[in-house]
Each structure stands twice: as structure tokens, then as C-alpha cells.
K.L.:
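Just dropping this structure here.
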Amino acid sequence: MPFDPTDIMKDRLTDIGPPKYDKFFPPFIKDNYGKWKYHEILEPGVLVHVSETGAEVYTVRVGAARLMSVDLIREICDIADKHCGGYVRWTTRNNVEFMVDDKSKLKPLMDDLKSRGNWFPIGGTGASVTNIVHTQGWVHCHTPAIDASGIVKAVMDELFEYFGSHKLPAQVRISLACCLNMCGAVHCSDIAILGVHRKPPIIEHERVQNVCEIPLVIAACPTAAIKPKKVGDYKSVEINENRCMFCGNCYTMCPALPLADGEGDGIALWVGGKVSNSRVPPMFSKLAVPYIPNEPPRWPTTVQTIKKILETYASDARRYERVGEWIERIGWERFFEKTGLEFRHEHIDDYRLAMTTWRTTTQFKF
Ligand code: SF4
Ligand code: SF4
């Protein structure tokens, strides 16, 4: 039945959940579910999985911009119809994977993908820079300090050769979040791009009591910089600017405390995080560069700084070593020396458990 705005509960469907995952399995995946013996990467972007039944499945991974039109999705569906029996999948890093069940189908699929300009670049496997997990930026969110899609495009353009090759010591996960809500993976990535503010919120006193729940705003501040204050006839808040470190949490809670600022906002780069348990436990990423200005549309300083970090790692790390493992082995003082990044007071943790991050040994390198 069509939606009736005068009777919104009529014919309402709810709590049906997503369609069951195996409804969209290609037949060869369904038949070999739980029976896989091994896999190999045949070349960058191309995998084969072999089942104990003898079946082989070839996967071609292609880059995608994540934010895409229905037209592009239709084109992806056309490719899937033509080569893959109508089946296609997206990865956890928003790459697209096309699968075929016979080696003879692989070349026609890859030739077709390559013939479509650079819309479907093949890669993202093994020791590569795969897709950048990212957020909404200026396209849709109200709290960003930076854009997402624009920076991701600029960085991937510069690092494109690393997407379609296996030249690095290990896989390098880059991610971006446009504010420190950190939607996504910036806190746990090899290289992370994070939007930061550098100025305290503006308080729109005449609006606070009408649009904000003041106790919520006060409780939102990690440094207790906010307290209630009567301003004229208005019930409002006061911000101790010496305690504010511009996180923007209070704006998330209260639209009358905006803090975005064209010149103040910019990028912090973080390095050395990982999620997997391989070799060493998962690691948080740590601050490498406190601030780089927003430079739309190509963010050249950010792009070149990331490239420098990546290529220093690529030339210095041992095989299988992730960025964080490499830094822990050589020491942070060497990381700053080799990358040429400036070590500044902002790098020194000063929040609650900060002491655990300071050096409590005489071991260091000059
Ligand atoms: S990281 Fe922040 S600005 Fe970006 S989408 Fe998430 S909440 Fe919005
Ligand atoms: S921006 Fe963050 S630190 Fe500053 S007052 Fe708001 S919640 Fe507190």
C-alpha cells in the first residue's frame, strides 16, 4: 500500500531486519560455504580461493569513492550481470569485489573493468594502501573541522601507485574522520587524518536555554570547562577558555555553541594504530602532526606529509612490520628524525592518564 500521511501507522512494517545474508551469495559461494582450504593473491587486486570440493573462486577488488551515485551503482550492477551472474559485494573498506567461478572468466572481467576509464581501479590487496575509511565531511555533517571526500581523493591520487601494487612492508590502513568523534577507524589506523578545531565555541546566549539542555552541555565537556551562567535574562553557560581544548562535544549537544572556523580548523595526523592481533596486540594511533591548515581543494601539505611518512616507513621498516610496529622498534625519537616531522609540545599527553605515556627510563637515542 502507498504511504498514507493521514494514517501513518497503517500497514506499517517494522523490525524486519536486513535480508538474510546468504540470499545474495553467488551459487559457488553457497556451495562452498565453510569449506575453503586456502587462498592466494594472484596479482594486486586479484585473489583466488580454493575449496576442499576443488572449486575455485576468483575475486577482483576495485577501488570505489564510497560516496557514489545510483548511476554508478547501476554500472556496477551491469558489470556484475555481464560477468558474475548478477552478484557483487562491498568490502569493509568500501572497495567493490566482483567474483567469477572460472579462470577463463577472469580476463574478460578485468579487461572490461580496465576499459572503463579509471572508474574501477584494480588493487587494494596485500601490502598495499587500500581504500581510505572516511566520513561525511562538508557533504553532510554539522560538526566537521575538515572535509572527507575531498581530502580522501587528493591523498588517494598521490598514493595511487600503492593501491595497485604490493610495494610496502605490510598493508597500510589510512583513515579519515572530520571531527574527533572519530566515526570510523582513525584511532586504530596506520595513518589517520583527523579534523581538529583550535578555537573555543561561540556562545549564543539568547539561544542556549531554548535549544539546549544545559546539564547535558555541562556534562559533555571532558575538561569541565563549562558551567551554568545567567547572562542578562538568559539562562546560559560560561566557558573557561583556558580549559577548553576545542573538542566540539558541547556543540554536538547544543546547537547554540558553534565552533567551526575557517582559519582555526585543520588537520592533525596520527600514526601507528592497528586492529589485528598479528605479532603484537592492537594499537591506538598516536599524534604525529598536531596541525596542518585546511587547503581545499587538494590539501597539498597534508598529502605531501602523508606521502613522506608512508615512504619513510616503506624504505625503513622490515617485512610484515606495520607502521606502529616499525615506530615502536626504532623509537619515537627516531620516527621524528627520519620523517623530518617537528616534535612539539602538543605531542605530550596532558590528559588524566598522561603520565603513563611519558618516558620513565633512561633508555633513549640521541
Ligand atoms: S567524524 Fe565528526 S564530523 Fe565527521 S561524520 Fe563523524 S561526527 Fe560528523
Ligand atoms: S569544545 Fe570541548 S573542551 Fe571546549 S568547552 Fe566544548 S566540550 Fe569543553
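Whatever order the structure lists them in is the order used to number ligands and atoms, beginning at 1.
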K.L.:
At less than 4.0 angstrom from any non-hydrogen atom of Phe246, what atoms of ligand 2 do you find?
P.N.:
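The list of qualifying atoms is 1 (S), 4 (Fe).
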
K.L.:
Could you tell me the residue and atom name of the protein heavy atom closest to atom 1 (S) of ligand 2, and the distance to it rounded to 0.1 Å?
P.N.:
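Protein heavy atom at minimum distance: Gly248 N, 3.2 Å.
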
K.L.:
Using side-chain contact (heavy atoms from CB on, under 4.5 Å) as the criterion, point out the one residue from Ile146, Val133, Thr302, Asp147 that pairs with Leu176.
P.N.:
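Among Ile146, Val133, Thr302, Asp147, the one that satisfies the side-chain contact (heavy atoms from CB on, under 4.5 Å) with Leu176 is Ile146.
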
K.L.:
Does the distance from Cys254 SG to Cys212 SG come in under 2.5 Å?
P.N.:
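Cysteines Cys254 and Cys212 qualify as a disulfide pair, their SG atoms being under 2.5 Å apart.
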
K.L.:
Using modelled atom types and a 3.5 Å cut-off, is there a donor and acceptor pairing between side-chain atoms of Glu328 and backbone atoms of Glu325?
P.N.:
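Side chain of Glu328 to backbone of Glu325: no pair is present.
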
K.L.:
Please tell me if the side chains of Glu158 and Ile306 come closer than 4.5 Å, counting only heavy atoms from C-beta onward.
P.N.:
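No, side chains not in contact.
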
K.L.:
Show all protein N/O/S atoms under 2.8 Å from atom 8 (Fe) of ligand 1, or state that there are none.
P.N.:
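Listed by chain and number, the atoms are Cys141 SG.
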
K.L.:
Nearest 0.5 Å please: distance from the CD1 atom of Ile214 over to the NZ atom of Lys235.
P.N.:
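If I round to the nearest 0.5 Å, the distance is 7.5 Å.
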
K.L.:
Distance-only, no hydrogens or angles: does the Arg279 side chain make a donor-acceptor pair with backbone N or O of Tyr320 under 3.5 Å?
P.N.:
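Answer holds: yes.
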
K.L.:
If two hydrophobic side chains count as joined below 4.5 Å and joins carry through other members, does Trp270 share a cluster with Met283?
P.N.:
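No; Met283 is not reachable from Trp270 via cluster members.
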
K.L.:
When you measure from the centre of the six-membered ring of Tyr162, is the NZ or CZ of Lys167 closer than 6.0 Å and no more than 45° off the axis?
P.N.:
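Ring-cation test returns yes.
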
K.L.:
Determine the sole option in Leu194, Ile193, Leu269, Leu180 for which the side-chain contact (heavy atoms from CB on, under 4.5 Å) test with Val186 is passed.
P.N.:
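Testing each of Leu194, Ile193, Leu269, Leu180 against Val186, the sole residue satisfying side-chain contact (heavy atoms from CB on, under 4.5 Å) is Leu194.
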
K.L.:
Are Arg359 and Phe364 in a cation-pi contact, defined as NZ or CZ under 6.0 Å from the six-membered ring centre and within 45° of the axis?
P.N.:
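Because its charged atom misses either the 6.0 Å distance or the 45° angle limit, Arg359 does not stack over Phe364.
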
K.L.:
For a 4.5 angstrom cut-off between non-hydrogen side-chain atoms, does Ile203 reach Val237?
P.N.:
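Side chain of Ile203 against side chain of Val237, heavy atoms only: contact under 4.5 Å found.
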
K.L.:
What is the number of protein N, O or S atoms that sit under 2.8 Å away from atom 8 (Fe) of ligand 2?
P.N.:
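Number of qualifying protein atoms: 1.
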
K.L.:
Taking heavy atoms and a distance under 4.0 Å, where does Tyr251 meet ligand 2: side chain, backbone, both or neither?
P.N.:
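Tyr251 to ligand 2: no contact under 4.0 Å from either part.
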
